[in-house]
Each structure stands twice: as structure tokens, then as C-alpha cells.
Number of protein chains: 2
Amino acid sequence: MVRPTMEDVALRAGVSRALVSLVMRGSPKVSEMRRSAVLKAAEELGYSPHAMARSLASRTSTVLGVMVSDLHNAFFAEVVDGIDEVAREQGFDIIINTGGRSPARERRALESLLSFRPAGLVLLSPVVPGGAIGKAAEQLPIVLVARSSRVSSVDTVNDDGEVGARLAVEHLVSLGHQRIAHLDGGEGTQAGPRRRGYVAAMESFGLAPQVVPSEYTDAAGARAVRSLIAEDALPTAILSCNDFNAVGAISALEDAGLRVPSDVSVVGYDNTSLAALRHVSLTTIDQPRAEFGRLAADALLQRVRSERTEPVRHLLTPSLVVRNTTAPPGGLR
Amino acid sequence: MVRPTMEDVALRAGVSRALVSLVMRGSPKVSEMRRSAVLKAAEELGYSPHAMARSLASRTSTVLGVMVSDLHNAFFAEVVDGIDEVAREQGFDIIINTGGRSPARERRALESLLSFRPAGLVLLSPVVPGGAIGKAAEQLPIVLVARSSRVSSVDTVNDDGEVGARLAVEHLVSLGHQRIAHLDGGEGTQAGPRRRGYVAAMESFGLAPQVVPSEYTDAAGARAVRSLIAEDALPTAILSCNDFNAVGAISALEDAGLRVPSDVSVVGYDNTSLAALRHVSLTTIDQPRAEFGRLAADALLQRVRSERTEPVRHLLTPSLVVRNTTAPPGGLR
DNA sequence: TTACAGCATTGGAGCGCTCCAACCAATAGA
DNA sequence: TCTATTGGTTGGAGCGCTCCAATGCTGTAA
């Protein structure tokens, strides 16, 4: 249960502690003979450097902290993959902590992450108030993903929800739809841009927008569709605020004896793994998630290396993924 | 960008560094007067303790490392929730790292986690060879979740796949099914117990087991069903190795013009959020995931506090969740 | 009065490492 | 021959903290 230290390795290799340190950091000014002797001793003892002592002594860190607001959402997993890829390439490690969607828990996660004095922090769709982020940003570089900020010391990476919604509308219009409703995400992150993009796109085609209040869950999607049916206001196509909502909408449509896509077309948003299941096969808007992560890590590392001080605002363009829930409206066939 | 140290707080509060340390650790032997003076100074300076320096000096850690083999799988998110809950209660923090399902990456993640010298480690369904785990177990307490081990210094928490499979078979038999096939998980973790439980349960009812090779994906489930149809060997009920496989199976059945559950019943395994979607509404086997996490954290903390040395092997009992993909076989109605 | 607890407080050593100035050949230049 | 130069190596200080033995106090018993 007790790990060997540099001192032990030095003793065994018959050199000084400082020399072991040089070898461990891959310094070029060590003779081949000593280097191999040190490496051998380290191997035999099962030595590996103590990251904390190292970071304490060097007053630097090779760790990037990542706070994931919700581990249950696979969206973030892919962003983390992107971050990890870039961090690894540049010799950084990442540690993750989760906020469980609750501001209090998130705050604690942030504190915990900060107590490790990482080189920088990526916050994935955080729900803590902006003030807390601004305060943390005084201590280290911070990048926000899927959340905007006006703080100039903070970089942001987001998808362009307006473009995504427009893509969906254009797709539906090109299929011949004119009555297209939007099941709105309400307070949810990114619901605003998606709604605005939908309304703008509809108006640009001279069509009347129909925004239906809803939420980011399948139950909410189903509820919204039932209310549309009850009011006899069912359109020929639906643009949901996300994939879960879309799946709920589809199931309510089917319950009502309607068929997707022959009677009603449905488009989701996010291209979650759910959408790709053949049983669902949902037409949806894809966001380049891994790219989010890569750009976030790049931006962060630039700040860490003090290569840049002006903020960066990445706005990535989403793309349309056509599957089997969209078709021309029934009347046109 | 520079955080204040204990020295700064001590200076401002007009006390010694050691006294600040006592206050920060909530020692009872500090006069109320000094305590509030220190707290006030800390507050004003925005001081928070340096976790690494603390752990270096105290030769202890209040951090638990968690390695998640696959962040994309929501299964682990709930286990992490359970770990987090218990750790927090007992004054520990957790840091997460991910192995991305690849042994090489996982090894690196393990190294990275170890370099922080955490008090202990929870490995969620790791794919690294047992040797690496055993070696790490010489350095700190380790608990394995969703993976078994014979190493006596390692605790394990698993679900009883045999019981789960039996529950599914019993449910189907009670509905009147006699021809029940199992779409097998092959090499996947926990596929073995599930298969054994299925075979044993079938035999205990005097029924002939029908094990069909498959995998833990929806595409594999669909493929397996198509091959059953092609061979004219379709049973009246299917027990899939997991939920994804089940959803794939359902979609292939529907493609073939069969209806679920009136023509064929399908049971999944894992009770993922997918299964709960109304569009899917899958009968499945639920594992107490958060409980996995809680037990794992408890076991780990016992070891950390040296309260126990003999290994613990938790085997949790799963339960059946009946939804809308199972019904009596068509012939009986 | 002295002695002795008991309590709050403090300085110093040390955790495992990095960094720096100093050092020591061995070789090169004059 | 003497002085520089260079490449390799080393001891010591110090990162922010904890822990411990020692210190100064007050209050109480002898």
C-alpha cells in the first residue's frame, strides 16, 4: 500500500533525486547510461510519479477539469470524447465531475474541481449562475460548451440552433409541407435559438408559424400532440425541440391511429443514439458533438499557454440527418 | 489568476499558519474569537484550501477515483449517482475518468487516476486485464462493479444475471409461452450468467432452451430475428440480452409484418431509459443501479478506513418491469 | 508560594516533487 | 600551458499544507 518515491528510485539507480526527476520528465540532457539505469530502477520498484507533488512543486498542472452537468445524457459523452482526444495529444489529462443538473451540486462539483488546481476548466452546459462562473474565471481559464456567456475571459462553444431549425423547416417545405408546428423546449437550454430559427424560417417561406409549448421529454411531446389533436389543430409536420420530445410525439400520433410519416412527418433535434435506432429511425438535426469537445479543448489550451486573451465564440453549424419519419404530406401523394 | 494561501490568511487574521489549518479542518480546540477572525479573513481573500497540498502533507486523501468504462452508457451514470451520494455523505469527493471501452485507453485512465493518489478506486465494468487490476489493488483499495474478480483484496458488486433471466422466463411462462428463445450477448459482460439463468429456468420448466448468438446492439438483435424467421424457427417469445438488442428485435419483427406483443413477446434486460419511452415501452429486467453505486462506495470506504480486510461480494437481485411488449401467445387468445 | 494541570497557540520539520545555481569533468581554443 | 566552454550531474530551497513537540497562559490544588 505504499508507493515508492523518487528518492527510492535514485537510491537504487545510484544517482541523485534531481537526475531521476530529469529522466521522468524526458529531459534530453541526461546520458543514455544513466537514463536506462533510472528507468530500470523505476520499473523494478513499480514507481510512477506523484502527480500532486509534481504539480505542487512546478506550480503548473497538466490536468484539465471537465464538469458535466448531466452524466445521464449521452450528448456529453461525445463532447468528452472530443476533449479527451485533444487533451491527450497535448499531454494533458482530464478529470471529470458531475453536477447532476442541480445548481447546488454543481457548485460543489466546481469547488471540488478547483481544489485540484487544474490548468483549466471546461463546463458542459452548466446550470450554475453566471456570477459563479465569472468568479472562477478569475482563477483559471474556462470554456463553456452549450451555454453562452458575455464574460470576456470565458470562451464558448455552441451549436447554431437557428440554423438547425431552419434546416429542418427547409427539409419539410421541400417535401411539400406548409403546416408545420414547432413543439417548443420552453426554458430549456438552446430552446430559444431553435424557436427563433423555426419562426424566421417559416416566415421566410411565407408560412404561418405554430409554436406549441412543450418540454425536452417524451411525455411532454406526447402531451403536446394530444392537445393539438383535441383542438383539431394538427399540422402535417412537426418539428420537435429534441429527439425525446419527437419520440413522445410519434407515440401519441400512433396512439391516435395516425401514421408517421405518411399522415404526419416528425423531425427531432440532437441526433441522439435513440434517433438512430431502427425502431425509431428519426429524421433529426445532428450537432458535431466531438467537434464541440475538440474546439473547447483547443480554446482552453490556448488560454492555458497564454497564447490568447480575447474571447473566442465558436458557433458550429448543425446538419440534417434524414431517416424515416419524414415524407411528403398525405394530400400530395 | 493567483489564489491566496494559508499564509496570506494567517497574516490577515493576525494568527499563525497552523491555527488557520486547524480552523480549516474544523478543529474543536480553537477559540471562537480566532475562529471567526480566520473565517472572515479567508472569506475576504476568497481563500479555499489546496486539496493537493493538503493530501501531500497529510498523506491521506479524501478523493475516490471512479473509472467509467463507457460514458455513453447511461447505466453508469446512475451508478455514479449512487457512489457520489455515499461519498459526499462521508466527506469524500469523487473524480471520474473514462476508458472509452478500449483497454489501452482504460489503462491510461487508470494511471491518471492513480497519479492523484486517491483513497480508493471504483472501476465500473472495466475491460483491462485482471492482472492490471490486481497490481493496482496492491496500492489502494479497489471495488469492481459489473465485473467479477477472484482477487481477495478486491470487492465486487454485481447483479445476479441468473436470477434476472429466470424472472423473465417465469413471466413469459406464466403468460403461457413455451417456445422462448434467448438472443445471447456473446462475449459481453454479464452475458454468461444471463444465458445460464435462461437455460436453467427453461429446463426447470421442462422446456427446450433455444440460444441464438447475438450481441448487445440493436442491429444484432434485428439480425438475429431475421435469421430466426429465415430458418422458420421463430418462437412465441424472445428474451434479449439487453434493451438495445430487444429494440432491434422488435423492429425486425415489425418489418416482417409481425406484431409485438400479439404475435411475439419480447423482454429486454437493463431497464435503460430507452425501455421506459412510451414509444418503446419494453418489458425488461431492472437492476438497482444507484444501489450498486452505494454499496460500492460503502465497501470502498470500509477498506479505506481499514475496517475490513476480507473481500465482499455483493450480488444484487434484479426485478421484472412489465410494460407493453409481453402478452399471452397468439394461439392462446 | 510553588507545582501542575489543561487549554490555545505556534514554529519547524517534512510530504514528493521541480527548479536553480553551482559544480565537475572532459574537451576545445588560445 | 592556462582558460573557456560544454554537457552532465547534484544539493538545497521551496511549493501549500499537516502534524507534532514545545510554548505560553490561565486557573486550581498542594
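Remember, predicted model here, so these are calculated numbers, not experimental data. Just so you know, these numbers use all the heavy atoms, side chains as well, and skip hydrogens, waters and symmetry mates.
Atom CG of B:Leu56 and atom P of C:dG14 are 14 Å apart (whole Å). Counting to the nearest Å, the C1' atom of D:dT9 and the CE atom of A:Met24 are 16 Å from each other. For the pair B:Arg54 CZ and D:dG16 P, the interatomic distance rounds to 15 Å; values are reported in whole Å. One interatomic measurement links the two molecules: CE of A:Met52 to C1' of C:dG16, which rounds to 12 Å at whole-angstrom precision. With rounding to whole Å, B:Tyr47 atom OH is found 7 Å from D:dG16 atom C1'. The nearest whole Å value for the distance from the CZ atom in B:Phe116 to the P atom in C:dC15 is 22 Å. Distance CG (A:Leu11) to P (C:dG16): 14 Å, rounded to an integer number of Å. In this structure, B:Asp8 atom CG and D:dC15 atom C1' are separated by 13 Å, rounded to whole Å.
Comparing D:dG14, D:dG16, C:dA13 by their closest approach to the side chain of B:Arg17 singles out C:dA13. Nearest to the side chain of B:Leu19, among D:dT18, C:dT10, C:dG16, sits C:dT10. Checked against C:dT10, C:dC19, D:dT9, the side chain of A:Ala18 finds its nearest nucleotide in C:dC19. If you check C:dT18, C:dC15, D:dC17 against the side chain of A:Met6, the one that comes closest is C:dT18. Comparing atom distances between the A:Lys29 side chain and each of D:dT9, C:dG16, D:dC19 picks out D:dT9 as nearest.
Look at A:Ser16 and you'll find a side-chain N or O under 4.0 angstrom from OP1 or OP2 of D:dT10. At the phosphate of D:dC19, OP1 or OP2 sits under 4.0 Å from a side-chain N or O atom of B:Arg25. For B:Ser31 and C:dT9, the shortest distance from a side-chain N or O to OP1 or OP2 is below 4.0 Å.
The minimum heavy-atom distance linking B:Pro126 with B:Arg147 is given by the pair O-NH1, 2.7 Å.
At a threshold of 4.0 angstrom between heavy atoms, the contacts of A:Arg34 are confined to the sugar-phosphate backbone, with no base atom among them.
Of the charged side-chain nitrogens involved, none lies within less than 4.0 Å of a carboxylate oxygen, so that A:Arg289 and A:Asp159 do not count as a salt-bridged pair.
Put simply, CG on A:Leu121 and CG on A:Leu110 are 6.0 Å apart, with the number rounded to the nearest 0.5 Å.
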